[in-house]
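Only one structure is covered here, and it is reproduced in the block below.
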Number of protein chains: 2
Amino acid sequence: MYKNSEFVSKLRNSGLRPTKQRLKICEVLFNRDKTFHFTINDLAKNISENFNEKISLATIYNTVHAFKDKGYLKEITISSDKSYFDTNITKHHHFYDEDTNLLIDCNDNEIGKVNIKNNITGKKISSVEVLVRVASDTQNQN
Amino acid sequence: MYKNSEFVSKLRNSGLRPTKQRLKICEVLFNRDKTFHFTINDLAKNISENFNEKISLATIYNTVHAFKDKGYLKEITISSDKSYFDTNITKHHHFYDEDTNLLIDCNDNEIGKVNIKNNITGKKISSVEVLVRVASDTQNQN
DNA sequence: AATTTATATTATAATCGTTCTAAACTGTTG
DNA sequence: CAACAGTTTAGAACGATTATAATATAAATT
């Protein structure tokens, strides 16, 4: 569990003013035992249901994008109509359960290192992401 | 180069009526030497610029999705605001050039086989996709 | 601690890609 | 060729996201 003052420094250190909205969002996102995945909608709902204060949707969008830009969140794109964010910012891969629409982190003991033998000339690799879609056996696959 | 009658059978075989709109779209997508990537917008623009006939945007959406469902196209999701389709329906991975927004197919000699050691219990793997984001050296990476 | 300045929040409007609708049209079957 | 199911169409509707511009707040300056 983090103290409020830790979030204040975290924000200040990255040039973001520690406003009460941002601190509340920090609390919701980072005061947890485990990292997790969420959509903007999940977050907005979480805040409005569990707290008296209401934060404008625009602010939630702005803050999530600011946190992403500062590297406090990663965005994971599964499909064009669903954008997930991940509080686990370490390099890792995902399983996506097509039955439940749930995203599950992979550990290194689940997916081995991806061997990139040749990169595009003159370019640097900025990320390597594996997405393993899974579904129950009865489901049709593509 | 395919003949029109080949597209007619292809469509009939998958339960799609060979309408002139669908045949035109087949021609644009599949009468090529190489597979390629496109967005719905690219396709609509291509048709309206290069042909006299105009096809309604709704029809383009319907047809692309029908072709995807029948397995003639693969959808590739790079970011929530851009949905690409690929006429290469074989299993393969991609490089995504963040400078140019260009998607490039990987061959097997570029990315080795992804080793999935443990799958989610009771689930079947429906696809494994690797996306390697690249950018010029000067670009900042995340 | 008051003033100034820059930054952030807000509600709402605007935008954009996509899907829906319902009427007109076309391909297929008998 | 009649009947029917499937398809196309323009435009409306939708939903997620972004822009706007007024207000509020935080930080810097006096």
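All heavy atoms count here, side chains included; hydrogens, waters and symmetry mates do not. Residue numbers start from 1 in every chain, and the chains themselves are labelled A, B, ... in the order their sequence lines are given, proteins ahead of strands.
For Thr39(B) (side chain) and Ser83(B) (main-chain N/O), no donor-acceptor pair under 3.5 Å exists by modelled atom type. Under the 3.5 Å distance criterion, the side-chain polar atoms of His37(B) are matched with a main-chain donor or acceptor of Leu103(B).
Atom P of nucleotide dG17(C) and atom CG of Leu43(B) are separated by 15 Å, given to the nearest angstrom. Here the P atom of nucleotide dT20(D) and the CG atom of Leu57(A) are 17 Å apart, to the nearest Å. We find that CD1 of Ile25(A) is positioned 13 Å from C1' of dT10(C), with the value rounded to whole Å. Following rounding to the nearest Å, Leu16(A) (CG) and dA27(D) (P) show an atom-to-atom distance of 12 Å. Residue Lys24(B) contributes atom NZ, which lies 18 Å from atom C1' of dT9(D) at whole-angstrom precision. Remark: C1' of dA11(C) and CG of Asn62(A) are 13 Å apart, rounded to the nearest angstrom. Straight-line distance from the CG atom of Leu23(B) to the C1' atom of dG27(C): 12 Å, rounded to whole Å. Rounded to whole Å, atom P of dT28(C) lies 10 Å from atom CG of Leu11(B).
Of the candidates dT28(C), dT9(D), dA11(C), the closest approach to any side-chain atom of Gln21(B) belongs to dT9(D). Of the candidate nucleotides dT18(C), dT7(C), dT17(D), dT7(C) has the atom nearest to the side chain of Arg17(A). Comparing atom distances between the Ile40(B) side chain and each of dT18(D), dT9(D), dT18(C) picks out dT18(C) as nearest. Considering only side-chain atoms of Ala58(B), the nucleotide from dT25(D), dT9(C), dT9(D) that sits closest is dT9(D). The side chain of Tyr61(A) lies closest to dT17(D) when the candidates are dT17(D), dT7(D), dA10(D). Checked against dT18(D), dT7(D), dT10(C), the side chain of Arg22(B) finds its nearest nucleotide in dT7(D). Here the side chain of Thr59(A) is nearest to one of dG27(C), dT8(D), dT9(C), namely dT9(C). Listed candidates were dT18(D), dT17(D), dT28(C). Nearest to the side chain of Ser83(A) is dT17(D).
At the phosphate of dT19(C), OP1 or OP2 sits under 4.0 Å from a side-chain N or O atom of His65(B).
Relative ring orientation between Tyr72(A) and Phe30(A) is described as perpendicular, the plane-to-plane angle rising above 60° on a 0-90° scale split at 30° and 60°. Ring geometry, His65(B) versus Phe85(B): the interplanar angle exceeds 60°, so the pair is classed perpendicular (tilted spans 30 to 60°).
Residues Thr19(B) and Asn41(B) both approach DNA chain C. Their nearest nucleotides, taken by heavy-atom distance, put Asn41(B) toward the 5′ side.
No chain of hydrophobic side-chain contacts below 4.5 Å, direct or via other Ile, Leu, Val, Met, Phe, Trp or Tyr residues, connects Leu43(A) to Ile78(A).
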